[in-house]
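Below, chains carry the letters A, B, ... as their sequence lines are ordered, and counting in each starts from 1. Quick caveat, the model's predicted, so the values are computed rather than measured.
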Amino acid sequence: GESVGLHLPTLSVQEGDNSIINCAYSNSASDYFIWYKQESGKGPQFIIDIRSNMDKRQGQRVTVLLNKTVKHLSLQIAATQPGDSAVYFCADGGNTPLVFGKGTRLSVIA
Amino acid sequence: DTGVSQNPRHKITKRGQNVTFRCDPISEHNRLYWYRQTLGQGPEFLTYFQNEAQLEKSRLLSDRFSAERPKGSFSTLEIQRTEQGDSAMYLCASSPTGVTNEKLFFGSGTQLSVL
């Protein structure tokens with residue numbers, strides 16, 4: 001079965017608002033997680049990753065939070081833009097090969 | 001462009017025909033992966049190589065599927081006697097060393113349609 005899973009299959013957000021995409025994982029020994037963004041007709045693109053010795057990591061307009069107690073991570077996108085519309089996947093990077101869930105489709109409303 | 005390259009981008013074939021896809025990984029990446037993705041689903045692992053050695057194959061990879069990486073650089077994925085259920089996006093990815101805790105770099109995929 002899946003080792004990671006997104007909470008919601010779809011998310012609609014007003015342009016300019018913040019987006020939060022949630023993901024749960026099952027393996028308490030997992031120590032590395034990766035978020036990917038997939039636009040229509042393209043392969044998944046790396047966004048940000050986080051290791052288990054961190055609770056938070058920030059990139060450009062994106063932040064990933066990791067809660068090891070409840071085995072949950074989230075991807076936050078600040079000031080969501082139309083170009084952020086895509087499917088977002090979390091993956092357990094502690095596995096080889098990477099295992100992906102079904103993803104969350106983010107739709108940005110102009 | 002030094003990213004992962006896949007060819008062709010699109011392939012339409014008739015049921016029963018054989019098809020072959022090519023993947024050129026990022027130069028000097030040791031590990032190469034093949035995934036399959038259908039509409040509304042996440043990528044599903046098919047197989048991966050460490051250099052020229054095929055290390056793991058998913059049970060999704062039936063006997064009609066074969067993958068090679070003869071010189072440890074580019075890879076090919078062949079599907080024999082295609083079926084309509086083979087219609088999907090076939091994604092290739094590579095990583096530098098293949099150690100755990102390493103992100104994958106994906107190509108844009110080959111979209112296969114079996115009529």
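Inter-residue side-chain proximity for A:F100 and B:E44 is flagged as unmet; no heavy-atom pair is nearer than 4.5 Å. Side-chain contact check for B:L91 versus A:P44: some heavy-atom pair is nearer than 4.5 Å.
With a 4.5 angstrom heavy-atom cutoff, A:E39 does not touch chain B via any of its atoms. Heavy atoms of A:I34 lying under 4.5 Å from chain B belong exclusively to its side chain. Using a 4.5 Å cut-off between heavy atoms, A:Y36 touches chain B through its side chain atoms alone. With a 4.5 Å cut-off on non-hydrogen atoms, B:Q6 does not touch chain A at all.
Residue B:Q80 qualifies as enclosed at atom CD: its count of foreign heavy atoms under 6.0 Å is above 12. Surrounding CD1 of B:I12 are at most 12 heavy atoms belonging to other residues, nucleotides or ligands under 6.0 Å away. Other residues, nucleotides and ligands contribute over 12 non-hydrogen atoms within 6.0 Å of the CG atom of A:N53. Counting heavy atoms of neighbouring residues, nucleotides and ligands inside a 6.0 Å radius, atom CZ of B:R15 does not exceed 12 of them. Around the CG atom of B:L115, the shell of radius 6.0 Å holds more than 12 heavy atoms that belong to other residues, nucleotides or ligands.
With respect to chain A, the highest number of heavy-atom pairs below 4.5 Å among B:G109, B:A93, B:S108 belongs to B:S108. Of all the listed residues (B:E56, B:Q37, B:M89), the one sharing the greatest number of non-hydrogen pairs under 4.5 Å with chain A is B:Q37.
Residue A:L65 is not grouped with residue A:L11 when hydrophobic side chains (ILVMFWY) are merged at heavy-atom distances under 4.5 angstrom, including chains of intermediate members. Taking hydrophobic clusters as Ile, Leu, Val, Met, Phe, Trp and Tyr residues chained together by side-chain heavy-atom distances below 4.5 Å, B:F45 shares a cluster with A:F46. Under the 4.5 Å side-chain heavy-atom criterion for ILVMFWY residues, a single connected hydrophobic cluster contains both B:F65 and B:L32.
In terms of modelled atom types and a separation under 3.5 Å, the side chain of B:Y35 and the main chain of A:L98 share a donor-acceptor contact.
Distance CD/A:Q38 to CZ/B:F106: 8.5 Å, rounded to 0.5 Å. Atom NZ of B:K103 and atom CD1 of A:I48 lie 10.5 Å apart (nearest 0.5 Å).
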